[in-house]
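A short write-up of the structure that comes next.
Atoms within a ligand are numbered from 1 in the order they appear, just like the ligands themselves. Atom set for the values below is all heavy atoms of this structure, side chains included, hydrogens, waters and symmetry mates excluded.
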Amino acid sequence: MTKQILVSGIKPTGDIHIGNYLGTLKNWVELQDKYNCFFFIADWHALTIKHDPKNYQDLILKTAMTLLSVGIDPKKSTLFVQSHLSEHAELCWLFNTLTPVAELERMTQYKDEAKQHKDNINAGLLDYPVLMSADILLYKPEVVPVGHDQLQHLELANVIAKKFNNRFGQYFEEVKPNLSKSPRLMSLTEPDKKMSKSLGPNNYIALDDSPEMIRKKVMSAVTDVGPTGSSEMSSGVRNLFILLEEFADKQTVVKYKNSYLDKTLKYSELKAELAEAIIKILSPIQERKAKLMKDQKKVQKILLDGAKQARTIAQKNLLEIKKLMGLV
Ligand code: TRP
């Protein structure tokens with residue numbers, strides 16, 4: 001039986017943290033056996049926010065290394081860089097002519113980003129979801145793994161697909177989201193907010209953080225903000241337990257849960273053990289990445305091979321789309 005097609009992308013924006021790892025990348029690695037996966041680095045999408053052209057190639061390559069080091073396997077999946085395939089941009093233009101501007105203006109991410117970057121509300125920011133729809137529909141996938149924050153964009157891809165089908169004939173099938181089951185990690189410093197790069201480096205643990213940095217960040221994580229009069233676990237402590245469940249073995253989790261319940265828990269002990277558990281999981285990933293860093297040619301070759309593989313499908317589908325639209 002041929003495997004169903006799956007597509008997903010990640011922007012090359014620097015540090016990848018353990019929230020991204022548990023929420024996105026670990027899921028991708030597992031999905032590789034079940035689906036015919038196309039994973040790409042969305043370097044065009046990342047341009048909608050100001051970037052540094054001098055470091056950009058380096059950033060893209062390092063993102064690819066991170067994907068490989070966590071377990072994306074080029075023998076199983078197609079890994080490539082978005083901008084290596086001009087087909088994505090071409091389909092984006094075709095979809096632009098089908099997309100009502102009003103649909104784009106009501107996208108939550110667009111409104112948030114426009115508020116955050118008032119000095120740079122470029123057309124690309126508004127058009128972001130159309131390019132994303134092109135990324136997806138170009139491969140006619142069944143499934144797209146996305147975070148909750150991207151669900152609205154996936155819905156738009158389905159709206160565009162329907163519009164296309166209505167005007168030019170049935171071609172695209174509905175694309176289904178695959179939501180990761182992993183819990184939401186909260187910031188270490190502001191545990192009521194989601195772990196995010198925008199809150200600064202102390203609020204997250206990056207996959208590349210050294211053991212010393214991991215220890216330091218975990219040890220200074222916010223726990224109880226003082227007596228609240230409530231018997232409920234504070235969000236900081238709850239976050240530590242979530243982390244413990246993700247990184248430590250069951251026995252350790254049970255041990256600390258019990259000591260929390262009988263009120264003998266020392267946060268410093270929990271944190272010390274949590275830090276070591278995180279280090280243990282991240283070390284092999286970091287070792288693999290260090291090896292890849294020494295063999296950048298190999299990584300570049302993987303990306304070029306991936307682009308070649310993706311192009312075969314992208315070109316075939318794009319030609320069919322253009323035929324239906326009367327362009328060829
Ligand atoms: N917008 C996605 C994000 O920020 C990245 C992305 C770009 C993507 N194109 C995609 C994800 C296509 C899934 C499918 O996470």
Inset, instruction - Tell me which part of Asp149 gets within contact of ligand 1: side chain, backbone, both or neither, using heavy atoms under 4.0 Å. - result: neither
Legend entry - Any side-chain heavy-atom pair of Thr63 and Asp43 under 4.5 Å: no
Legend entry - Proximal ligand 1 atoms for Phe40, defined as those under 4.0 Å from one of its heavy atoms: 9 (N), 10 (C), 12 (C)
Inset, instruction - Name the option, out of Gln150, Gln109, Gln82, Met132, that contains the heavy atom nearest to atom 15 (O) of ligand 1. - result: Gln150
Inset, instruction - Please report which non-hydrogen protein atom sits nearest to atom 6 (C) of ligand 1, along with the residue it belongs to and the distance in Å to one decimal place. - result: Gly9 O, 3.9 Å
Legend entry - Approximate separation, where rounding is to 0.5 Å, of Leu324 CG and Phe172 CZ: 8.5 Å
Legend entry - Candidate list Trp44, Phe40, Phe95, test ring pair (Phe, Tyr, Trp, His ring centres under 6.0 Å), partner His88, passing option: Phe40
Inset, instruction - Check each atom of ligand 1 against the heavy atoms of His45 and keep those under 4.0 Å away; list them by number with element. - result: 7 (C), 9 (N)
Inset, instruction - If the plane angle is over 60° it's perpendicular, under 30° parallel, otherwise tilted; pick one for Tyr260 and Phe241. - result: perpendicular
Inset, instruction - Please write down residue, atom name and distance for the protein heavy atom closest to atom 1 (N) of ligand 1. - result: Tyr128 OH, 2.7 Å
Inset, instruction - Please state whether the rings of Phe80 and Tyr139 are parallel, tilted or perpendicular, taking 30° and 60° as the class boundaries. - result: tilted
Legend entry - Element-labelled atoms of ligand 1 that are located less than 4.0 Å from some non-hydrogen atom of Ser8: 11 (C), 13 (C), 14 (C)
Inset, instruction - Provide, to 0.1 Å, the distance between atom 9 (N) of ligand 1 and the closest protein heavy atom, together with that atom's residue and name. - result: Asp135 OD2, 2.7 Å
Inset, instruction - Measure the distance from atom 14 (C) of ligand 1 to every protein heavy atom, then report the residue, atom name and distance (to 0.1 Å) of the closest one. - result: Ile136 CG1, 3.6 Å
Inset, instruction - Assess whether atom NZ of Lys34 is packed by more than 12 heavy atoms of other residues, nucleotides or ligands within 6.0 Å. - result: no
Inset, instruction - Could you see which bit of Lys11 sits under 4.0 Å from ligand 1, with heavy atoms only: side chain, backbone, both or neither? - result: side chain
Legend entry - Short N-O contact, Asp295 and Lys291, less than 4.0 angstrom: no
